[in-house]
*Asks:* 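First the structure, then my questions, so here it is.
All chains are named by letter (A, B, ...) in the order of the sequence lines, taking the proteins before the strands, and each is independently numbered beginning at 1. Scope of the values below: all heavy atoms of this structure, side chains included, with no hydrogens, waters or symmetry mates.
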Amino acid sequence: MNKSTDQGNRKRILTIIKLVPTGRVATYGQIAHLAGLPNNARQVGSILKSFSGPNIPWFRIVNSKGEISQRRNESSQSMQRDILEGEGVRFTESNRVDLSQYLWKPC
DNA sequence: AAGGTGACTTTTC
DNA sequence: TGAAAAGCCACCT
């Protein structure tokens, strides 16, 4: 495996994220799995942290509990929730989304 | 080069 | 049910 492979993984992950439709969410692990990196959920978060480009619906990625992951700078967290609610995603009283309802199921 | 870190997940109690 | 621990792996010091 060479250097270009790693960058290819990054590109693959971003490509998958772009496929998540409006009003739906996906988990870090799910994205990693679809990108062919089954045990690299953490890397998905790592990439989203460093790369915030256009056309990347980063806000549709939540953790396995259906909640918005905690981060150093919490400014983007409230923004993430606002955007999702704007797309019709409802949050429970425990600040989680119902994955059985909103989780993206690729066909 | 070796050890710490983190926008995670799964298992264990 | 839920908190805590263990597992994981690319990145950064």
Side-chain angles (χ1 to χ4, degrees):
Chain A
M1 291 312 203
N2 51 36
K3 201 175 299 180
S4 60
T5 303
D6 295 337
Q7 299 187 335
N9 289 342
R10 180 184 58 95
K11 189 172 184 179
R12 222 168 287 128
I13 288 173
L14 292 175
T15 300
I16 302 288
I17 293 178
K18 283 188 201 166
L19 299 180
V20 183
T22 303
R24 290 300 192 78
V25 300
T27 68
Y28 296 90
Q30 179 183 18
I31 297 297
H33 189 75
L34 290 172
L37 308 165
N39 292 22
N40 286 42
R42 302 194 83 139
Q43 176 127 25
V44 174
S46 179
I47 288 170
L48 287 184
K49 178 177 65 174
S50 57
F51 180 87
S52 59
N55 304 333
I56 306 294
W58 54 271
F59 46 84
R60 296 205 258 258
I61 312 302
V62 298
N63 67 26
S64 62
K65 301 180 207 160
E67 62 189 11
I68 293 172
S69 290
Q70 187 80 26
R71 59 206 69 168
R72 301 310 209 81
N73 193 1
E74 70 178 70
S75 62
S76 63
Q77 289 180 74
S78 55
M79 183 192 329
Q80 176 169 5
R81 175 165 178 162
D82 287 344
I83 298 174
L84 286 177
E85 287 181 325
E87 292 186 340
V89 177
R90 305 278 228 82
F91 282 74
T92 68
E93 59 275 355
S94 52
N95 298 321
R96 298 195 298 219
V97 305
D98 183 357
L99 288 180
S100 68
Q101 183 179 359
Y102 295 109
L103 184 66
W104 171 50
K105 289 144 192 151
C107 307

*Asks:* To check you understand the geometry: which heavy-atom pair defines the closest contact between A/Leu103 and A/Ala26, and what is its length?
*Replies:*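 Heavy atoms of A/Leu103 and A/Ala26 come nearest at CD1-CA, 3.9 Å.
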*Asks:* Whole angstrom is fine here: how far is it from CG in A/Asn40 over to P in B/dT5?
*Replies:*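 Distance, rounded to whole Å: 20 Å.
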*Asks:* Looking only at heavy atoms, which two atoms of A/Asn95 and A/Arg81 are closest? And how far apart?
*Replies:*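 Closest approach of A/Asn95 to A/Arg81: OD1-NH1, 2.7 Å.
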*Asks:* Take atom CZ of A/Arg96 and atom P of B/dA7, then tell me their distance rounded to the nearest Å.
*Replies:*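 One finds 20 Å between P of B/dA7 and CZ of A/Arg96, rounded.
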*Asks:* How far does CD1 of A/Ile31 sit from CG of A/Leu19, to the nearest 0.5 angstrom?
*Replies:*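 One finds 8.0 Å between CD1 of A/Ile31 and CG of A/Leu19.
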*Asks:* I need the A/Ile83 CD1 to A/Arg60 CZ distance, nearest 0.5 Å.
*Replies:*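 Between A/Ile83 CD1 and A/Arg60 CZ, I get 9.5 Å after rounding to 0.5 Å.
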*Asks:* Which nucleotide sits closest to the side chain of A/Ser64: B/dA7, B/dC8, B/dT10?
*Replies:*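 Out of B/dA7, B/dC8, B/dT10, the nucleotide with an atom closest to A/Ser64's side chain is B/dT10.
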*Asks:* To the nearest Å, give me how far apart OH (A/Tyr28) and C1' (C/dC8) are.
*Replies:*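 Going from A/Tyr28 (OH) to C/dC8 (C1'), I get 17 Å.
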*Asks:* Nearest whole Å is fine: how far is B/dC8 C1' from A/Ile68 CD1?
*Replies:*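 Roughly 16 Å, once rounded to whole Å.
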*Asks:* Distance check needed: B/dG6 P versus A/Leu48 CG, whole Å only.
*Replies:*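 Between P of B/dG6 and CG of A/Leu48: 17 Å.
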*Asks:* Tell me what A/Gln70 touches on the nucleic acid: a base, only sugar-phosphate, or nothing, going by heavy atoms under 4.0 Å.
*Replies:*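 Counting heavy atoms under 4.0 Å across all strands, the contact made by A/Gln70 is with sugar-phosphate only.
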*Asks:* Rounded off to whole Å, could you give me the CD-to-C1' distance for the A/Gln43 and C/dA10 pair?
*Replies:*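 A/Gln43 atom CD is separated from C/dA10 atom C1' by 4 Å.
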*Asks:* Choosing from B/dA7, C/dC8, B/dC8, which nucleotide comes nearest the side chain of A/Asn39?
*Replies:*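 Of B/dA7, C/dC8, B/dC8, C/dC8 is nearest to the side chain of A/Asn39.
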*Asks:* Whole Å only: how far is the CD1 atom of A/Ile47 from the P atom of B/dC8?
*Replies:*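 Answer to the nearest Å: 13 Å.
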*Asks:* Between A/Arg42 and A/Ser46, just flag the one whose closest nucleotide in DNA chain C comes earlier from the 5' side.
*Replies:*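 This one resolves to A/Arg42.
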*Asks:* Could you tell me the separation between the CD1 atom of A/Ile31 and the P atom of B/dT9, rounded to a whole number of Å?
*Replies:*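 That distance rounds to 11 Å.
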*Asks:* Where the side chain of A/Thr27 is defined as all heavy atoms beyond and including C-beta, which of B/dT9, C/dA10, B/dA7 is the nearest nucleotide?
*Replies:*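 Per side-chain heavy atoms of A/Thr27, the pick is B/dT9.
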*Asks:* Just verifying a value: how many Å separate A/Gln7 CD and A/Arg12 CZ, rounded to the nearest 0.5 Å?
*Replies:*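 Answer for the CD-CZ pair, A/Gln7 versus A/Arg12, is 11.5 Å.
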*Asks:* Of the options C/dA10, B/dT9, B/dA7, whose atoms approach the side-chain atoms of A/Arg72 most closely?
*Replies:*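 So the nucleotide nearest the side chain must be B/dA7.
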